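The structure appears right after this line, and notes come after that.
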Amino acid sequence: MINYKVEIAKLLSEIIEGLSQEEILAMLEVPANEDMGDYALPCFKLAKVMRKAPPLIAKGIAEKLSENEMFEKVEQVNAYVNMFLSKKDVVSHVVGEILEKGGDFANSNEGEGKTVIVEFSSPNIAKPFHIGHIRSTVIGNSINLIYRALGYKVVRFNHLGDYGTQFGKMIVAYRHWGNEEDVKAEPIKTLLHYYTKFHEEAEKDPSLDDEARATFTKLEQGNPEEVKLWQWFRDESLKEFNRVYDMLGIEFDSYKGESFYSDKMPRFVTMLKEKGLLEESQGANIVNLEDKGLGVALITKSDGSTLYITRDIAAAVYRKETYDFYKNIYVVASQQNLHFQQWIEIIEMLGFEWARDCVHVPFGLVSLEDGTMSTREGRVVFLEDVLNKSVEKTKEIIAEKNPEGLDIDKIAKDVGIGAVVFQELSNNRIKDYVFSWDKVLNFDGETGPYVQYTHARACSLLRKAEVADGYFVDVDYGKLTGDASFRLVKLLYQFPEIVADAGAKYEPSIVTRHIVDIAQAFNRFYHDEHILVDDEAEKKAKLALVYATKESIAKGLSLLGIVAPEKM
Ligand code: ARG
């Protein structure tokens with residue numbers, strides 16, 4: 001796609017002496033008010049170089065620029081040069097390119113030859129996959145999709161929490177009070193029940209704690225019986241997680257979780273010792289990061305067992321050595337900020353020069369407004385239940401509209417799940433937010449259903465007009481210069497930049513907001529201008545814009561991991 005800003009900077013650098021193209025590029029603004037043009041150049045800074053009053057400079061530049069056919073008009077207003085691009089030129093560039101490439105016009109090759117790791121979701125085995133996990137799962141998946149669109153090779157990691165002393169407790173509980181059928185029927189609920197039961201019983205009988213510790217040691221040493229049970233718990237839990245991933249259309253390339261690194265840590269403990277970074281404290285080994293304001297990191301416990309942080313150090317090195325990543329991205333709640341700061345610091349102290357290529361992408365908390373859904377004592381809100389409930393509610397809403405010839409089940413699934421995902425990705429990720437059914441399922445608000453509905457509306461227009469392959473030849477873009485269509489075209493034009501920006505900031509909500517803007521601009525265009533007019537040339541041009549919009553919205557939704565149904 002042509003980059004107008006760069007083209008304008010090029011032109012200006014020929015007119016303005018003493019400033020480089022980059023400097024001019026940095027000065028160019030996009031005015032908030034469209035009456036001030038598509039781009040504007042403030043001339044205050046030029047006064048020094050050109051030794052003239054800024055309005056006079058602006059006037060001179062405006063006069064010279066107006067000769068160029070890239071512009072419809074160029075005006076001087078006070079110290080500003082306001083540039084209005086030739087509408088027809090912009091429309092034919094943008095719509096023409098989308099007709100040719102489809103939604104992939106928003107892709108780039110920024111990441112060519114580079115591998116990025118995106119670690120996301122990473123739930124703990126035998127623990128509920130609850131509403132809190134939706135954030136990492138959905139934000140991480142979208143970052144993965146955005147990086148793919150930017151041309152990176154992406155490896156999706158699910159760093160399962162599948163290791164730790166709690167497995168000793170669970171095995172003990174299973175042996176005392178468990179049975180196979182219950183675990184198979186409802187693995188996570190059952191295992192969670194064992195875990196709670198263990199704690200209740202251990203209060204009465206502390207010897208259970210010793211038994212659990214001994215059992216975990218056996219597991220660590222690879223004792224076949226314990227390993228078999230642990231493996232079984234892991235497999236059954238994963239089956240349950242996968243049900244949710246299937247609903248969300250999410251896949252992973254690696255499920256290497258914490259247990260995978262259990263034998264890879266001595267190397268780092270030794271390295272830390274050799275570099276004199278390890279200190280002993282009450283039998284445990286620590287790295288003191290107080291001078292960096294990062295407290296103390298516990299590397300091994302007094303019984304020699306390793307910790308979460310040590311496994312993260314081993315995991316990062318493993319990933320570097322296996323994939324030679326350009327970036328290693330962790331989508332993990334902001335509660336773990338200190339943890340990430342600590343281990344990345346330690347990696348750096350160990351001399352790994354790629355330490356800062358490990359990026360923690362934090363996010364805020366989700367809570368629930370609906371009392372019946374809140375996390376009470378032992379009452380957890382399972383993510384799967386939330387998704388199912390959303391599908392159910394969507395089905396009711398759609399059924400009320402009495403649609404004919406629609407696969408209601410399929411649409412309710414696409415829209416119901418899309419709605420939850422969309423709401424999740426609507427807010428700046430770092431903000432805490434309250435999950436609200438009203439907001440999720442509102443077909444008129446800035447929601448998933450609204451955007452999906454707009455997409456379906458565009459599809460329906462194209463169907464009605466019987467647009468077939470080969471229809472869009474010799475499009476007369478001069479017919480598309482009305483205000484509503486031009487506003488829409490400008491949003492489509494910005495889309496590739498938006499995707500790049502969302503990638504650079506690890507912020508899917510930038511894409512979410514932009515497709516809401518596109519949907520709103522499209523609906524205004526739809527209301528302001530009659531599309532299926534008698535004039536064939538005008539109709540064709542308008543339908544070309546409808547098609548370009550449809551492709552862009554579908555692409556945007558796909559970057560969020562959301563399906564775009566053609567009918568709803
Ligand atoms: N399993 C952890 C939890 O549920 C999240 C893991 C985050 N990833 C990591 N590499 N530490 O809190």
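Counting from 1, the numbers follow the sequence of the chain as shown. Just follow the structure's listing: the first ligand is 1, and inside any ligand the first atom is 1. These numbers were taken from a predicted model, which means no experiment stands behind them.
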### Summary
Applied to residues 284-309, the ring-ring contact (aromatic ring centres under 6.0 Å, His included) test, sequence neighbours excluded, yields Y308-H339
### Message
Cation-pi check for Y163 against R311: NZ or CZ below 6.0 Å from the six-membered ring centre and within 45 degrees of the axis, yes or no?
### Response
no
### Query
Do K127's NZ or CZ and the ring of Y195 fall within the cation-pi criteria of under 6.0 Å and 45°?
yes
### Query
Where the closest heavy atom to atom 6 (C) of ligand 1 is concerned, which of Y308, Y261, F120 has it?
Y308
### Message
Can you confirm, on distance only, whether ligand 1 has an N/O atom lying under 3.5 Å from any N/O atom belonging to Q336?
### Response
yes
### Query
What is the closest protein heavy atom to atom 10 (N) of ligand 1, and at what distance does it sit?
D312 OD1, 2.7 Å
Mark up the atoms of ligand 1 that fall under 4.0 Å of a heavy atom belonging to [X], in ascending order.
X    : result
Y330 : 10 (N)
N124 : 1 (N), 2 (C), 3 (C), 4 (O)
H159 : 8 (N), 9 (C), 10 (N)
E119 : 7 (C), 8 (N), 9 (C), 10 (N)

### Query
Would you call E201-K204 a salt bridge at under 4.0 Å N-O?
yes
Using a 3.5 Å cut-off and no angle test, enumerate the donor-acceptor pairs between side-chain atoms of residues 509-518 and protein atoms at least two apart in sequence or in another chain.
from, atom 1, to, atom 2, distance (Å)
S509, OG, E507, OE2, 2.9
T512, OG1, L425, O, 2.8
T512, OG1, P508, O, 3.2
H514, NE2, L491, O, 2.8

### Query
Can the ring centroids of F252 and F120 be said to lie less than 6.0 angstrom from one another?
yes
